[in-house]
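To start, the structure itself, in structure tokens.
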2 protein chains.
Amino acid sequence: MRPDGRSMRESILAAAVQLFAQYGYHAAPLRDIARIAGIQAASIYHHYPNKQALLVEIMETYMLRLNTSLEHILKEYDDPLQRLHEAIANHIRMHTTYKEEFFIIDTEMRALEEEHRPHILSLRDKYEALLQELLRDGMERGIFRQSDVKIASYAMIAMCTEVATWFRPDGRLSVQQVITIYRQFIAEGLLVLMPDVSRMPDESAHLL
Amino acid sequence: MRPDGRSMRESILAAAVQLFAQYGYHAAPLRDIARIAGIQAASIYHHYPNKQALLVEIMETYMLRLNTSLEHILKEYDDPLQRLHEAIANHIRMHTTYKEEFFIIDTEMRALEEEHRPHILSLRDKYEALLQELLRDGMERGIFRQSDVKIASYAMIAMCTEVATWFRPDGRLSVQQVITIYRQFIAEGLLVLMPDVSRMPDESAHLL
DNA sequence: GTCTATACCACGATAGAC
DNA sequence: GTCTATCGTGGTATAGAC
């Protein structure tokens with residue numbers, strides 16, 4: 001254990017997260033990772049077999065964490081709308097809290113050696129399957145509109161993931177405000193067209 | 001000019017697009033780019049000053065093309081809903097047609113040297129500004145619901161861009177079908193909640 | 001405009017002392 | 001568990017002939 005309470009193993013991984021996110025896996029030298037962790041490059045090999053192992057551990061750890069959190073939500077809640085709300089909040093919170101880790105997962109899939117890619121991809125597939133289960137269940141129970149489950153899940157994941165690229169904790173909006181906006185985009189529509197009041201029968205105008 | 005009608009300069013760039021997209025900028029060796037283009041690595045330097053110039057030219061060319069197409073739509077159409085429909089179709093078509101080029105733009109920003117980044121970022125900002133102008137105008141004219149223009153534009157760009165990662169021309173859906181689905185997601189809502197008929201006054205039930 | 005040959009360097013990884 | 005020293009590879013880029 002080191003002065004800051006982290007093991008050297010953890011310090012090395014934290015440094016790798018920082019540099020993989022900043023420069024990309026291939027552009028991040030092991031020597032720089034070692035320098036940030038406070039040791040020599042050669043000493044990394046006492047804790048990890050090679051550079052690739054750092055990437056795999058980052059991806060595996062945080063994909064597992066993401067899946068576990070969504071599984072927990074599905075077990076905890078039954079109402080489709082509440083499940084959706086929790087899933088959106090969870091996705092955005094995870095991706096903004098572990099911004100660098102998920103950025104690496106999203107951009108460095110190519111850097112995975114053939115040997116490790118299937119495992120990480122299966123974790124990503126698992127997450128998509130859980131989300132699609134949520135959506136399908138909500139549609140079958142008549143809570144959500146019938147639509148293409150796969151495409152809806154892709155669109156939802158894409159827009160919620162991207163939040164992490166622009167969100168700033170000290171910015172105009174809090175995470176909770178952003179979550180509220182995205183819940184509305186997803187549940188009620190991003191740009192719901194204003195109903196054309198002039199063409200509406202009088203008796204329904206009060207719905208606006 | 002070469003047998004296939006492309007200049008060597010174009011062949012080199014095409015090879016760079018292929019390998020930058022497949023392996024990433026830093027992991028794509030100039031020797032391999034040269035091999036695919038059918039020359040020796042050293043000969044690339046007759047056409048481009050260095051590797052970075054290949055990346056800059058790819059990014060600049062296709063961001064300009066994207067901006068020009070959206071500017072054309074804004075000039076051609078006035079109706080906010082039609083503008084939105086055309087913008088969505090254009091974004092999805094561009095990103096699926098030039099899948100590799102836009103994938104590079106989206107994932108290799110980090111690989112741009114400091115010197116070139118502001119220029120490329122300004123082109124990306126320009127696109128966002130054009131789209132935000134479209135949305136703001138539609139809200140001001142009462143066609144779209146009032147919502148956060150910036151966030152709406154980010155969400156829209158993110159979900160439409162991501163189509164390129166899973167779309168297959170020989171897949172279950174045609175581009176046109178995908179465009180139709182995304183238009184509905186964006187204009188009418190991704191998961192519009194089924195209105196709860198039981199709690200609605202009788203006289204408005206006919207709206208469903 | 002393309003080639004061969006090569007300079008030069010930074011990288012990941014290893015060996016072996018402490 | 002960390003160090004110093006170093007190996008071997010493969011990268012971008014250049015020199016100069018053709």
Side-chain angles (χ1 to χ4, degrees), chain A residues 1-59 104 107-108 110-117, chain B residues 1-59 104 107-108 110-117:
Chain A
M1 208 64 92
R2 316 178 51 240
D4 65 352
R6 294 189 304 188
S7 66
M8 178 50 79
R9 202 184 138 80
E10 287 168 331
S11 294
I12 293 166
L13 202 71
V17 164
Q18 182 188 323
L19 293 189
F20 289 174
Q22 189 167 358
Y23 301 116
Y25 176 77
H26 291 291
L30 269 186
R31 287 167 166 85
D32 290 2
I33 293 171
R35 192 179 32 77
I36 294 176
I39 48 169
Q40 291 299 312
S43 306
I44 289 180
Y45 291 87
H46 176 75
H47 301 276
Y48 295 93
N50 50 41
K51 189 182 181 183
Q52 177 79 192
L54 293 167
L55 181 62
V56 171
E57 179 146 328
I58 293 164
M59 290 186 163
I104 292 167
T107 58
E108 295 296 349
R110 289 177 294 186
L112 275 179
E113 285 161 22
E114 211 56 59
E115 180 189 352
H116 305 111
R117 199 171 300 134
Chain B
M1 209 64 91
R2 315 176 53 239
D4 65 352
R6 293 189 305 186
S7 66
M8 178 50 80
R9 203 184 136 79
E10 287 168 331
S11 294
I12 293 166
L13 203 71
V17 165
Q18 182 189 322
L19 292 189
F20 289 174
Q22 189 167 357
Y23 302 115
Y25 177 77
H26 291 291
L30 271 187
R31 294 190 226 273
D32 290 1
I33 292 171
R35 191 178 34 76
I36 293 176
I39 49 169
Q40 291 300 311
S43 306
I44 289 181
Y45 291 86
H46 176 75
H47 302 275
Y48 294 93
N50 49 43
K51 189 183 181 182
Q52 177 79 193
L54 292 166
L55 181 63
V56 172
E57 179 145 326
I58 293 164
M59 289 186 164
I104 291 166
T107 57
E108 295 296 347
R110 288 176 296 186
L112 275 179
E113 286 161 21
E114 211 55 61
E115 179 190 353
H116 304 112
R117 200 171 301 135

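Bear in mind the structure is a predicted one, so any value in this text is a computation, not a measurement. Sequence lines set the chain letters: A, B, ... in the order given, protein chains first and strands last, and positions in each chain run from 1.
Rounded to whole angstrom, the span from the CD1 atom of A:Ile44 across to the C1' atom of C:dT14 amounts to 14 Å. Between the OH atom of A:Tyr48 and the C1' atom of D:dG1 there is a distance of 15 Å, given to the nearest Å. If you take NE2 of A:His46 and P of C:dA15, they are 16 Å apart, rounded to a whole angstrom. We find that NE2 of B:His47 is positioned 7 Å from P of C:dG1, with the value rounded to whole Å. Atom CZ in A:Arg35 sits roughly 14 Å away from atom P in D:dC3 (whole-Å rounding). Protein atom CD1 of A:Ile12 is 13 Å distant from nucleotide atom P of C:dA13, rounded to whole Å. In this structure, B:Tyr23 places its OH atom 16 Å from C1' of D:dG10, rounding to the nearest Å. In this structure, B:Ile39 places its CD1 atom 11 Å from P of C:dG1, rounding to the nearest Å.
Among B:Arg110, B:Lys51, B:Gln52, B:Glu108, the one residue that satisfies the side chain to side chain donor-acceptor pair (under 3.5 Å) test with B:Tyr25 is B:Gln52.
In B:Tyr23, the OH atom is not crowded: 12 or fewer heavy atoms of neighbouring residues, nucleotides or ligands sit closer than 6.0 Å.
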Considering only nitrogen or oxygen atoms on both sides, find all protein atoms under 3.5 Å from nucleotides 12-18 of chain D and state each distance.
unit_1 : atom_1 : unit_2  : atom_2 : d
D:dT12 : OP1    : B:Ala28 : O      : 3.4
D:dT12 : OP1    : B:Leu30 : N      : 3.3
D:dT12 : OP1    : B:Lys51 : NZ     : 2.9
D:dT12 : OP2    : B:Leu30 : N      : 2.8
D:dT12 : O4     : B:Arg31 : NH2    : 3.4
D:dA13 : OP2    : B:Tyr45 : OH     : 2.7
D:dA13 : OP2    : B:Lys51 : N      : 3.0
D:dA13 : O5'    : B:Tyr45 : OH     : 3.2

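A donor-acceptor pair under 3.5 Å is absent between the side-chain atoms of A:Glu57 and the main chain of A:Leu54, judged by distance alone.
To the nearest 0.5 Å, atom CG of residue A:Leu55 and atom CG of residue A:Leu112 are 5.0 Å apart.
By the side chain to side chain donor-acceptor pair (under 3.5 Å) test, B:Arg31 pairs with no residue at all, sequence neighbours left out.
In this model, the phosphate group of C:dG1 is not approached by any side-chain N or O of B:Ser43 to a distance below 4.0 Å at OP1 or OP2.
For the 3.5 Å distance criterion, the side chains of A:Ser11 and A:Arg2 qualify, holding a donor opposite an acceptor.
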